Amino acid sequence: MKLRQIGGSGCGNGPCPAVYETENGTIVVQGFNVDGPLVGLDLPPGESAVEIPRYILERVFNQ
(Lines give C-alpha, C1' and ligand atoms only; values in the text may rest on other atoms or scores of the structure.)
Protein backbone atom coordinates (compact mmCIF):
# COMPACT_ATOMS: atom_id res chain seq x y z
CA MET A 1 0.00 0.00 0.00
CA LYS A 2 1.32 3.43 -0.94
CA LEU A 3 0.58 6.40 1.32
CA ARG A 4 0.52 10.11 0.53
CA GLN A 5 0.46 12.49 3.48
CA ILE A 6 -2.43 14.93 3.18
CA GLY A 7 -2.27 16.46 6.66
CA GLY A 8 -0.15 16.57 9.75
CA SER A 9 0.85 18.53 12.78
CA GLY A 10 4.15 19.74 11.36
CA CYS A 11 5.89 19.22 14.68
CA GLY A 12 9.24 18.79 12.95
CA ASN A 13 10.80 16.55 15.61
CA GLY A 14 10.03 13.03 14.40
CA PRO A 15 6.84 11.08 13.71
CA CYS A 16 3.74 13.10 14.54
CA PRO A 17 -0.01 12.67 14.18
CA ALA A 18 -0.87 12.71 10.48
CA VAL A 19 -3.48 11.81 7.89
CA TYR A 20 -2.64 9.87 4.73
CA GLU A 21 -4.52 8.95 1.58
CA THR A 22 -3.91 5.48 0.13
CA GLU A 23 -3.72 4.45 -3.51
CA ASN A 24 -7.04 2.65 -2.88
CA GLY A 25 -8.83 5.89 -1.99
CA THR A 26 -8.98 5.12 1.73
CA ILE A 27 -7.60 7.16 4.64
CA VAL A 28 -4.97 6.16 7.22
CA VAL A 29 -4.67 8.12 10.47
CA GLN A 30 -1.50 8.13 12.58
CA GLY A 31 -2.02 9.24 16.15
CA PHE A 32 -1.70 8.46 19.82
CA ASN A 33 -3.11 5.12 21.03
CA VAL A 34 -6.41 5.29 22.88
CA ASP A 35 -7.30 2.59 25.42
CA GLY A 36 -10.69 1.57 23.99
CA PRO A 37 -12.18 -0.07 27.10
CA LEU A 38 -10.99 2.81 29.27
CA VAL A 39 -12.99 5.31 27.19
CA GLY A 40 -15.98 3.03 26.58
CA LEU A 41 -15.17 1.73 23.09
CA ASP A 42 -15.78 -1.91 22.21
CA LEU A 43 -13.13 -2.41 19.53
CA PRO A 44 -13.23 -5.65 17.55
CA PRO A 45 -10.04 -7.62 16.85
CA GLY A 46 -7.85 -5.87 14.30
CA GLU A 47 -9.15 -2.37 15.04
CA SER A 48 -7.66 0.36 17.19
CA ALA A 49 -8.51 3.92 18.10
CA VAL A 50 -6.11 6.84 17.82
CA GLU A 51 -6.29 10.43 18.95
CA ILE A 52 -5.12 13.36 16.84
CA PRO A 53 -5.45 17.11 17.25
CA ARG A 54 -8.73 18.43 15.80
CA TYR A 55 -6.99 21.06 13.69
CA ILE A 56 -5.31 18.36 11.58
CA LEU A 57 -8.64 17.10 10.24
CA GLU A 58 -9.93 20.65 9.88
CA ARG A 59 -6.93 21.46 7.66
CA VAL A 60 -7.35 18.27 5.61
CA PHE A 61 -11.04 18.80 4.90
CA ASN A 62 -10.89 22.57 4.35
CA GLN A 63 -8.36 22.35 1.51
Side-chain angles (χ1 to χ4, degrees):
M1 173 186 318
K2 293 183 181 178
L3 301 177
R4 180 177 71 87
Q5 187 171 346
I6 58 174
S9 66
C11 66
N13 58 356
C16 301
V19 179
Y20 302 88
E21 181 177 35
T22 73
E23 60 191 330
N24 303 322
T26 59
I27 301 294
V28 173
V29 177
Q30 173 186 340
F32 303 102
N33 290 325
V34 172
D35 184 337
L38 184 65
V39 297
L41 291 174
D42 183 19
L43 300 170
E47 289 190 8
S48 59
V50 298
E51 179 179 16
I52 64 171
R54 179 183 187 93
Y55 72 86
I56 292 176
L57 289 181
E58 289 173 345
R59 287 180 186 169
V60 167
F61 292 112
N62 288 324
Q63 292 182 10

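All values derive from a computational prediction rather than experimental measurement.
- Using a distance-only test at 3.5 Å, with no hydrogens or angles considered, no donor-acceptor pair links the side chain of E51 to the main chain of G31.
- When all heavy atoms of E21 and I6 are compared, the pair lying nearest together is CB-CG2, 4.0 Å.
- Residues Q5 and A18 share a closest heavy-atom pair of NE2-CB, 3.8 Å.
- The heavy-atom pair separating I52 from P17 by the smallest distance is CG2-CB, 3.8 Å.
- In the hydrophobic clustering of this structure, F32 does not group with Y55; members are Ile, Leu, Val, Met, Phe, Trp, Tyr whose side-chain heavy atoms approach within less than 4.5 Å, directly or through other members.
- Grouping Ile, Leu, Val, Met, Phe, Trp and Tyr residues whose side-chain heavy atoms lie under 4.5 Å apart, directly or via other members, places L43 in a hydrophobic cluster with V34, V39, L41.
- Connection of F61 to V50 is established within a shared hydrophobic cluster, with ILVMFWY side chains joined at heavy-atom distances below 4.5 Å, either directly or through further cluster members.
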| task | For T22 and L3, run side-chain contact (heavy atoms from CB on, under 4.5 Å): C-alpha distance rounded to whole Å, both residues' side-chain angles, the deciding distance at 0.1 Å, then the answer. | result | CA-CA 5 Å; T22 73; L3 301 177; 3.6 Å; yes

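- Y20 and I27 are assigned to two separate hydrophobic clusters, defined by single-linkage of ILVMFWY side chains at heavy-atom distances under 4.5 Å.
- Around atom CG of D42, no more than 12 heavy atoms belonging to other residues, nucleotides or ligands sit under 6.0 Å away.
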